[in-house]
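Throughout, numbering of the chain's residues begins at 1 and tracks the sequence. The shown structure was predicted, so the numbers you read here are calculated from the model rather than taken from an experiment.
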Amino acid sequence: MAENDTQSRRDVLKTAGAAGTVGLAGLAGCLEGGNGNGNGNGNGNGGDGGSEYPALGNYPIEGDAATLGFNVPQTGPYQEEGADELRAYELAADHLNNGGGWVDLWDDLSGDGVNGYEIDYETGDTATDADTARESASRMIERDNAIMYSGGSSSATAIAQQGLAQQENVLFMCCLTHSNDTTGGDCVRYGFREMFNAYMTGQALAPIVTEEYGDDLEFYQLYADYTWGQTQQASMRQFFEEAGWSEVDSVPTPLGTDDYSTFLQEAVDSGADVLFLNHYGLDGSNSVSQAVDQGINEDMEIVVPLYNVPMAAGAGGSIEGVFGTDGWDANLDNEPTRVFAEAFEEEYGSTPSSPARLAYSATMQYAAAVERAGTFYPPEVIRELEGYEWDNGGIGEEIMRECDHQTMRDILVVRGLSEEEQDAESGRYWEVVEQASYPDAVGYECDSGPAAECELGEYGDE
């Protein structure tokens with residue numbers, strides 16, 4: 001659809017909004033394929049309540065297909081993560097339309113579209129840049145009429161996109177975003193996150209790493225200089241100092257740094273016992289590889305707080321013995337993990353990463369919430385997601401909290417394997433040291449931690 005046509009439609013909806021609820025209901029029935037008789041049967045494909053709810057965001061849906069937006073970094077330092085996410089998004093859309101994967105395991109999903117609508121999708125490139133991500137998401141909303149969009153890899157891009165979601169009343173299902181701010185000070189009603197955050201990484205890592213390396217040590221931090229790295233290094237400081245360690249210094253590094261040698265030498269010169277590399281994606285691969293190449297692992301212990309498979313593959317044997325966390329592993333022994341991993345491998349010939357699982361899960365969670373609500377109307381879908389509990393996502397019991405839209409869940413604490421022990425075919429780059437469980441080892445109340453800063457905003461139908 002041409003961009004000017006999309007804008008005209010939105011203008012019509014806004015005009016209808018000024019006319020009152022009766023006018024909105026009638027328009028909804030017409031636009032969402034309804035017969036306009038006010039019986040709430042939509043287009044006969046599942047009855048999305050076209051005359052029951054007013055127009056809001058990109059609701060009601062035009063025609064017989066619901067469009068989802070998949071906005072990932074196809075360029076930039078997180079492009080490998082973005083590529084794996086996009087593969088999983090496309091697989092999820094195929095399963096929602098044709099069955100397979102988790103659709104065959106989840107009672108809420110049919111494999112014949114969602115709530116009577118075929119699932120279509122558009123893709124975009126965030127370029128690992130917040131402004132670019134917002135512009136791409138805006139095109140999906142305005143031009144493509146996306147009823148929901150999803151993406152991430154950089155928390156800055158996720159926060160920018162969910163701010164737009166709140167403004168436009170179009171749901172954003174966060175994918176890979178680890179900053180405390182995503183469901184803390186920058187939380188929104190129209191954004192949801194399954195990924196754990198930096199605060200929870202600190203909770204999971206500190207007891208295991210301090211037990212391994214000893215008491216009263218000094219640590220030095222390098223961190224990516226944007227919202228994720230900033231909250232990551234703050235969380236490492238908080239939980240490791242509470243455990244009895246002391247920080248020598250914490251130094252920001254630009255996103256996309258190629259050469260970390262000067263930063264690394266300064267870390268060695270500090271005399272600290274442990275070096276935290278709060279980098280991710282290609283940056284994480286580069287910094288840990290360069291640290292080992294410079295022999296820093298002979299003088300200091302190295303910790304990479306947040307891992308994933310593409311990042312570990314890029315670093316190879318440099319991660320041997322290096323602790324970190326991840327959200328999921330394709331080698332976990334449970335049915336949802338096996339089903340997703342097998343479907344992904346069959347489709348793409350590779351083992352899915354944790355970012356891929358997040359993308360797949362975000363799409364499935366949204367679709368299941370639509371089915372439970374019986375409508376794509378955003379406030380009703382939001383209410384179905386808030387407080388929802390599930391245990392069929394491959395990582396145990398999870399709950400999407402109502403207070404901050406942060407999922408409380410288990411976290412994997414891992415330690416890198418030697419190059420000889422690694423297996424690219426199975427995606428095995430580390431050993432799982434512990435599955436830190438919620439609520440025993442990780443988690444926090446709604447009035448503490450990042451949640452204390454969260455004010456979600458309105459549903460849009462008040």
- Query: Ignoring hydrogens and geometry, is there a side-chain-to-backbone donor-acceptor pair from Tyr190 to Glu168 under 3.5 Å?
  - Reply: no
- Message: So for atom CD, which belongs to Gln167, do other residues, nucleotides or ligands contribute more than 12 heavy atoms lying within a distance under 6.0 Å?
- Response: yes
- Item | Ser155, Ser154, Ser179 screened by side-chain hydrogen bond (donor to acceptor under 3.5 Å, both in side chains) with Thr227, the one that passes | Ser179
- Task: To the nearest 0.5 angstrom, please state how far the CG atom of Asp273 sits from the CG atom of Leu275.
- Result: 11.5 Å
- Option among Leu86, Thr128, Asp129 that satisfies the side-chain contact (heavy atoms from CB on, under 4.5 Å) test with Pro73: Thr128
- Query: Minimum heavy-atom separation for Val72 to Gly82, with atom names?
  - Reply: CG2-O, 3.6 Å
- Walk me through it: do Asn197 and Tyr444 pass the test side-chain hydrogen bond (donor to acceptor under 3.5 Å, both in side chains)? CA-CA 11 Å; Asn197 57 32; Tyr444 48 93; 2.9 Å; yes
- Would you say the side-chain atoms of Glu135 pair up with the backbone N or O of Ala133, donor to acceptor, closer than 3.5 Å? no
- The reported gap from CD in Gln162 to OH in Tyr149 (rounded to nearest 0.5 angstrom) is 8.5 Å
- Just checking, any donor-acceptor pair under 3.5 angstrom between side chains of Asp249 and Ser270? no
- Of Tyr223, Trp228, Tyr260, Tyr307, the residue whose pairing with His279 passes ring-ring contact (aromatic ring centres under 6.0 Å, His included): Tyr260
- side-chain hydrogen bond (donor to acceptor under 3.5 Å, both in side chains) with Asp326: which residues, sequence neighbours excluded? Ser354
- Task: Using side-chain hydrogen bond (donor to acceptor under 3.5 Å, both in side chains) as the criterion, list what pairs up with Gln233, not counting sequence neighbours.
- Result: Arg237, Ser250
- Message: Could you walk me through whether Asn169 and Tyr459 satisfy the side-chain hydrogen bond (donor to acceptor under 3.5 Å, both in side chains) test, starting with their C-alpha distance in whole Å, then the side-chain angles of each, then the deciding distance to 0.1 Å, before giving a yes or no?
- Response: CA-CA 8 Å; Asn169 298 117; Tyr459 289 91; over 6 Å; no
- What closest approach, in Å, do Ser353 and Val309 show between heavy atoms, and which atom pair accounts for it? CB-CB, 4.0 Å
- Message: Please check this pair: side chain of Thr182 against backbone of His178, looking for a donor-acceptor N/O pair closer than 3.5 Å.
- Response: no
- Item | Donor-acceptor pair between Ser150 and Tyr89 side chains, under 3.5 angstrom | yes
- Query: Can Gln406 and Arg401 be counted as having a side-chain donor-acceptor contact under 3.5 angstrom?
  - Reply: no
- Query: Should Leu105 and Asn392 count as side-chain neighbours, where that means a heavy-atom distance under 4.5 Å?
  - Reply: no
- Query: Which of these, Glu458, Glu386, Glu455, sits in a side-chain hydrogen bond (donor to acceptor under 3.5 Å, both in side chains) with Arg189?
  - Reply: Glu386
- Output field: ring centroids Tyr199/Phe239 closer than 6.0 Å: yes
- Task: Report yes if the distance between the aromatic ring centroids of Phe196 and Trp328 is under 6.0 Å, otherwise no.
- Result: no
- Approximate separation, where rounding is to 0.5 Å, of Phe70 CZ and Met148 CE: 6.0 Å
- Item | Between Asn286 and Ser289: side-chain donor-acceptor atoms closer than 3.5 Å | no
- Within the distance-only criterion (no hydrogens, no angle test), does the side chain of Asp181 pair as donor or acceptor with the backbone N or O of Gly184 below 3.5 angstrom? no
- Task: Determine whether Met300 and Val274 make a side-chain contact, defined as any pair of heavy atoms from C-beta on separated by less than 4.5 Å.
- Result: no
- Note on the structure: Smallest heavy-atom separation, Ala130 atom then Ala156 atom, equals CB-O, 3.7 Å
- Nearest non-hydrogen partners of Leu205 and Met236, listed with the distance: CD1-SD, 4.4 Å
- Task: Quick one: do Tyr220 and Phe276 satisfy ring-ring contact (aromatic ring centres under 6.0 Å, His included)? Show the steps, please.
- Result: CA-CA 6 Å; Tyr220 189 101; Phe276 287 91; over 10 Å; no
- Message: Please enumerate all residues that pass disulfide (SG to SG under 2.5 Å) together with Cys187, with sequence neighbours excluded.
- Response: Cys454
- Message: Under 6.0 Å between ring centres: does that hold for Tyr360 and His95?
- Response: yes
- Note on the structure: Between Pro355 and Glu81, the two heavy atoms sitting closest are CG-CG, 4.3 Å
- Could you give me the CA-CA distance, side-chain angles and deciding distance for Arg357 and Glu194, then say whether salt bridge (Lys or Arg N to Asp or Glu O under 4.0 Å) is met? CA-CA 10 Å; Arg357 180 212 164 268; Glu194 183 183 0; 2.7 Å; yes
- Item | side-chain hydrogen bond (donor to acceptor under 3.5 Å, both in side chains) partners of Asp125, counting only residues at least two apart | Thr75
- Query: Judged by atom type as modelled, is there a donor-acceptor pair below 3.5 Å linking the side chain of Ser136 to the main-chain atoms of Thr132?
  - Reply: no
- Item | Lys/Arg-Asp/Glu bridge criterion (N-O < 4.0 Å) met for Arg134, Asp131 | no
- Task: Would you kindly say whether Tyr53 and Asp461 are connected by a side-chain donor-acceptor distance under 3.5 Å?
- Result: no
- Message: Strictly distance-based, threshold 3.5 Å: is any side-chain N or O of Thr337 a donor or acceptor partner for the main-chain N or O of Asp333?
- Response: no
- Sequence-distant partners of Pro439, side chain to side chain contact (heavy atoms under 4.5 Å, CB included), two or more places apart: none
- Is it true that atom CD of Glu397 has more than 12 heavy atoms of other residues, nucleotides or ligands lying nearer than 6.0 Å? no
- salt bridge (Lys or Arg N to Asp or Glu O under 4.0 Å) partner of Arg415, chosen from Glu431, Glu301, Glu421: Glu431
- Message: Among residues at least two apart in sequence or on other chains, which ones pass side-chain hydrogen bond (donor to acceptor under 3.5 Å, both in side chains) with Tyr348?
- Response: none
- Query: Does the ring center of Phe376 lie less than 6.0 Å from the ring center of Tyr59?
  - Reply: no
- Message: Just checking Gln265: does its CD atom have more than 12 heavy atoms from other residues, nucleotides or ligands closer to it than 6.0 angstrom?
- Response: yes
- Between the main-chain N or O of Gly191 and the side-chain N or O of Gln166, is there a donor-acceptor pair closer than 3.5 Å? no
- Query: Does Val370 offer a backbone N or O that forms a donor-acceptor pair with the side chain of Asn115 under 3.5 Å?
  - Reply: no
- Message: If the threshold is 4.0 Å, N to carboxylate O, is there a salt bridge linking Asp391 and Arg409?
- Response: no
- Message: Between Asn334 and Gly394 (side chain of the first, backbone of the second, donor and acceptor by atom type, cut-off under 3.5 Å), is there such a pair?
- Response: yes
- Query: Can you list the steps and then say if Asn71 with Gln161 is a side-chain hydrogen bond (donor to acceptor under 3.5 Å, both in side chains)?
  - Reply: CA-CA 9 Å; Asn71 207 23; Gln161 290 181 82; 3.0 Å; yes
- Is a side-chain donor or acceptor of Thr325 paired with a backbone partner of Thr201 at a separation under 3.5 angstrom? no
- Between Asp329 and Trp430, is a side-chain hydrogen bond (donor to acceptor under 3.5 Å, both in side chains) present by the stated rule, with each step listed? CA-CA 10 Å; Asp329 189 299; Trp430 50 65; 2.9 Å; yes
